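Heads up: the structure comes next, in structure tokens.
Letters A, B, ... mirror the listed sequences (proteins, then strands); counts begin at 1. Just so it is clear, the model here is predicted, and its values are computed rather than measured.
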Amino acid sequence: MKRRALIPYLLLAPGFVLLAAFTHWPTILSFWSSLFTTARGRRPSVFVGGENYAAALSDPIVLKVLWNSALYAAVTIPASIALAFVMALWVNDRLPGRGFARLAYFTPTILPMVAAANIWLFFYTPGFGLLDQVLGLFGIPSTNWLGSDQSALWAVMVVAVWKEAGFFMIFYLAAFQAVPPSLGEAARLEGCGRWGYVRRVLIPLVAPTTLFIAVNALINAFRVVDHIFILTGGGPNNATNLLLFHIYETGFKFWDTAGAATLTMILLAILGALAAVQFFLLERRTHYR
Amino acid sequence: MKLALFAAASALALSLGSARAETEVVFNFPVAVGGPVTEIIDGYAKAFMAENPGIKVTPVYTGSYQDTIARTLTQIRGNDSPAMAVLLSVDTFTLYDEDVIVALDDLATTDEEKAFLTDFYPAFLANGQVGGKVWSLPFQRSTPVLYWNKAAFAEAGLDPETPPATWEEQVEFAKKLVKKDASGAVTRWGLRIPTSGFPYWLFQGLTTANGVELMNADGNKTNFDDPAVVEALEYLVSLSKEHGVMQEGIIEWGATPQAFFEGESAMMWTTTGNLTNVRNNAPFDFGVAMLPAQKRRGAPTGGGNIFIFNAVDEATQKAAFEFAKFLTSPEMAADWSIKTGYVAVSPAAWETDAMKAYAADFPPATVARDQLEFAVAELSTHENQRVTRVLNDALQAALLGQKEPAAALAEAQAEADRILAAYR
């Protein structure tokens with residue numbers, strides 16, 4: 001009997017060991033090292049308690065980075081979800097060349113981010129870049145998209161939305177196909193217009209998918225910074241510096257491991273809080289069948 | 001069964017034992033796997049091993065400089081240290097502070113070896129020295145130069161054979177080179193000084209010419225707020241804001257050679273590392289010149305040095321030092337320079353027959369060498385990447401018009417002082 005009780009734990013063990021080794025233990029270690037100064041070979045590390053946090057939160061670059069990340073998330077998440085929804089609606093219809101359209105929308109997702117960013121670097125190049133050449137046809141003067149603090153963050157967001165939307169479209173497409181056609185027919189009989197159908201039938205029915213996508217989009221907004229390395233390196237003057245990119249630089253360029261651990265804990269706290277909001281508040285309002 | 005296991009184990013032990021008889025030198029090299037450069041390095045390793053049977057060199061290709069230092073320091077922390085690596089010369093202070101590198105003076109035992117350590121151009125040696133000792137040997141080094149489009153010069157009514165020699169001439173020439181279409185939009189800029197990523201490097205081409213160094217030799221004090229540094233930044237900003245000869249905003253490094261080929265800019269400042277690229281791809285005649293002078297001529301040096309790590313045993317350090325000497329010997333330095341376009345690192349290398357023939361065939365290659373006389377160490381301090389980042393942000397803030405040059409540099413100096421206070 002005792003043996004039986006043990007079995008579920010044994011079955012859970014592999015998953016638990018992996019989680020503990022690669023998630024929980026590193027988290028604890030990061031928290032621990034965020035309480036000390038960085039050891040340099042010739043100077044040992046000292047316990048400083050919360051000083052690293054105070055220093056980080058009063059550093060103008062960290063504040064700028066937090067603001068950038070917030071803006072980046074606030075724009076790219078809704079934009080990529082909305083675009084994904086519209087694209088899925090479009091390729092869900094019986095239009096000619098539907099397979100081709102689906103493929104075209106999905107292509108950005110298959111490209112590695114670094115390769116995609118290199119393509120966009122060419123698009124954005126002032127003067128002879130693709131974007132400037134096309135705009136030039138309409139008499140619009142050359143713009144330094146990535147080289148101006150006004151436009152750089154927006155230019156980087158466009159790349160992220162372009163990259164993400166195709167991936168999310170797949171989930172919406174699957175969700176749409178699970179919606180019984182009879183609902184659409186019933187709506188039409190009742191004299192409900194197309195927009196009314198989308199708003200009153202489709203959107204509520206795919207709400208679980210939207211929640212799933214929103215969680216993923218949120219994670220990606222903080223996790224995917226590959227394009228920053230290629231497009232701007234966080235510049236000009238930190239205009240496109242995002243939290244994870246700054247953590248990388250602090251850890252592996254400035255070799256300030258304590259500073260990087262501190263920022264990592266801040267990132268974890270933000271993500272944890274947002275995930276809690278999503279699950280506990282939104283879930284109640286999401287309609288599951 | 002047990003017997004078989006035992007036999008296998010002893011065979012393994014034997015093979016390990018025989019492998020130990022020769023010293024293995026693991027060499028982290030900053031280039032992506034599979035390119036033509038890996039073949040050159042593999043070739044050097046083979047040639048060296050043929051001459052030194054007791055040593056086995058294992059080159060490991062580790063991507064960019066940044067990837068390589070990240071990998072190397074992680075390996076050292078994980079007790080799997082490579083014997084040697086090529087890393088940015090400006091990371092000398094960082095590696096010294098991490099206490100992971102060996103002073104090469106301590107490995108040089110004979111007088112000949114000690115003399116060898118100072119055989120390089122002083123401008124190249126400077127970045128590898130801390131506290132009067134040599135901690136790294138110059139290997140793949142470069143310096144920025146000015147490239148000009150001779151066809152554009154002729155079209156603008158300038159002498160195609162005469163590059164600008166001073167700051168004033170540079171602006172004057174660039175103004176003539178700017179071309180606009182009917183609507184007044186610029187179709188060709190006069191000059192392109194890239195400012196993305198690491199603007200401090202080319203900026204040193206201005207500050208050095210203006211007679212000021214950005215830091216002291218101990219690497220614990222910067223001079224960012226020196227009036228001569230402010231003047232240099234004001235000049236850089238004025239190129240687009242006042243004279244309209246350069247694109248506004250931050251100018252991308254990577255696209256710079258392409259912009260030159262496309263005729264988007266008639267002159268560009270960039271590294272000598274682009275020499276072969278420009279030679280192969282410019283669809284017009286081009287010239288290469290030293291950076292223009294203000295109070296004097298001047299430029300920084302750049303590129304990678306060879307470091308040896310203290311975590312490996314002494315025999316391996318010695319073997320690595322042998323290989324480092326081999327790689328930087330005049331013949332090899334000349335060969336490396338000809339094959340890659342990096343500047344040959346010692347005067348003796350330029351005296352080899354191969355190098356003389358190359359210089360005669362392609363005179364622009366000698367511009368970099370001649371500029372070395374006026375060149376200084378690249379900006380390098382303790383916590384180097386953090387301090388240069390502070391300067392980079394200040395330069396970009398001024399170029400974007402967010403701050404006045406003097407204010408931006410004063411703030412950068414205060415921040416650098418705060419970081420470096422611990423090292424004084």
* Where does A:Leu231 contact chain B at under 4.5 Å (heavy atoms): side chain, backbone, both or neither? -> backbone
* Asked: Above 12 or not: heavy atoms from other molecules or residues under 6.0 Å from NZ of B:Lys241?
  -> yes
* Closest heavy-atom contact between B:Ile250 and A:Asn144? -> O-ND2, 2.9 Å
* A:Ile61 portion near chain B, given a 4.5 angstrom heavy-atom threshold -> side chain
* Roughly how far apart are B:Glu415 CD and A:Asp59 CG, rounded to 0.5 Å? -> 7.0 Å
* Residue part contacting chain A, namely of B:Thr187, when any heavy atom lies under 4.5 Å -> neither
* Toward chain A, the part of B:Arg77 with a non-hydrogen atom under 4.5 Å -> side chain
* Asked: How far does OG1 of B:Thr388 sit from CZ of A:Phe254, to the nearest 0.5 angstrom?
  -> 7.5 Å
* Go through B:Ala185, B:Ala422, B:Ala394, B:Ala397 and name the one with the most non-hydrogen pairs under 4.5 angstrom from chain A. => B:Ala397
* Asked: Measuring from A:Asn238:CG to B:Asn392:CG, what's the distance to the nearest 0.5 Å?
  -> 10.0 Å
* For the pair A:Asp256 and B:Gln385, evaluate side chain to side chain contact (heavy atoms under 4.5 Å, CB included) and give the outcome as yes or no after the intermediate values. => CA-CA 11 Å; A:Asp256 177 5; B:Gln385 301 230 34; over 6 Å; no
* Check whether B:Leu73 gets within reach of chain A through its side chain, its backbone, both or neither, counting any heavy atom under 4.5 Å. => side chain
* Structure fact -> Rounded to the nearest 0.5 angstrom, the CD-OG1 distance for B:Gln258 and A:Thr125 is 9.0 Å
* Which atoms of A:Asn241 approach chain B - backbone, side chain, both or neither, heavy atom under 4.5 Å -> side chain
* Asked: A:Phe252, A:Phe122, A:Trp255: which one forms the most heavy-atom pairs within less than 4.5 Å of chain B?
  -> A:Trp255
* Can you find a side-chain donor-acceptor pair between A:Asn237 and B:Gln402 that sits under 3.5 Å? -> yes
* Of all the heavy-atom pairs spanning B:Gln396 and A:Pro236, show the shortest one and how long it is. => OE1-CA, 3.1 Å
* Kindly determine whether A:Lys64 and B:Asp393 satisfy side chain to side chain contact (heavy atoms under 4.5 Å, CB included), including the steps that lead there. => CA-CA 13 Å; A:Lys64 170 92 181 149; B:Asp393 286 351; over 6 Å; no
* Apply side chain to side chain contact (heavy atoms under 4.5 Å, CB included) to A:Tyr248 and B:Gln66, showing your working. => CA-CA 11 Å; A:Tyr248 174 82; B:Gln66 174 56 32; 3.3 Å; yes
* Heavy-atom closest pair, residues A:Pro126 and B:Glu264 -> O-OE2, 4.2 Å
* Contact class of A:Thr257 relative to chain B, heavy atoms under 4.5 angstrom -> side chain
* Asked: Is A:Phe22 atom CZ crowded by more than 12 heavy atoms from other residues, nucleotides or ligands, each under 6.0 Å away?
  -> no
* Asked: Should we count CZ of A:Phe31 as having more than 12 external heavy atoms under 6.0 Å?
  -> no
* Let me know if B:Phe198 has heavy atoms under 4.5 Å from chain A in its side chain, its backbone, both or neither. => neither
* To do: First locate atom CD of B:Glu248, then atom OG1 of A:Thr143, and finally report the distance between them rounded to the nearest 0.5 Å.
  => 12.0 Å
* Could you go step by step and tell me if A:Gln150 and B:Leu400 meet the side chain to side chain contact (heavy atoms under 4.5 Å, CB included) rule? -> CA-CA 9 Å; A:Gln150 310 292 325; B:Leu400 293 169; over 6 Å; no
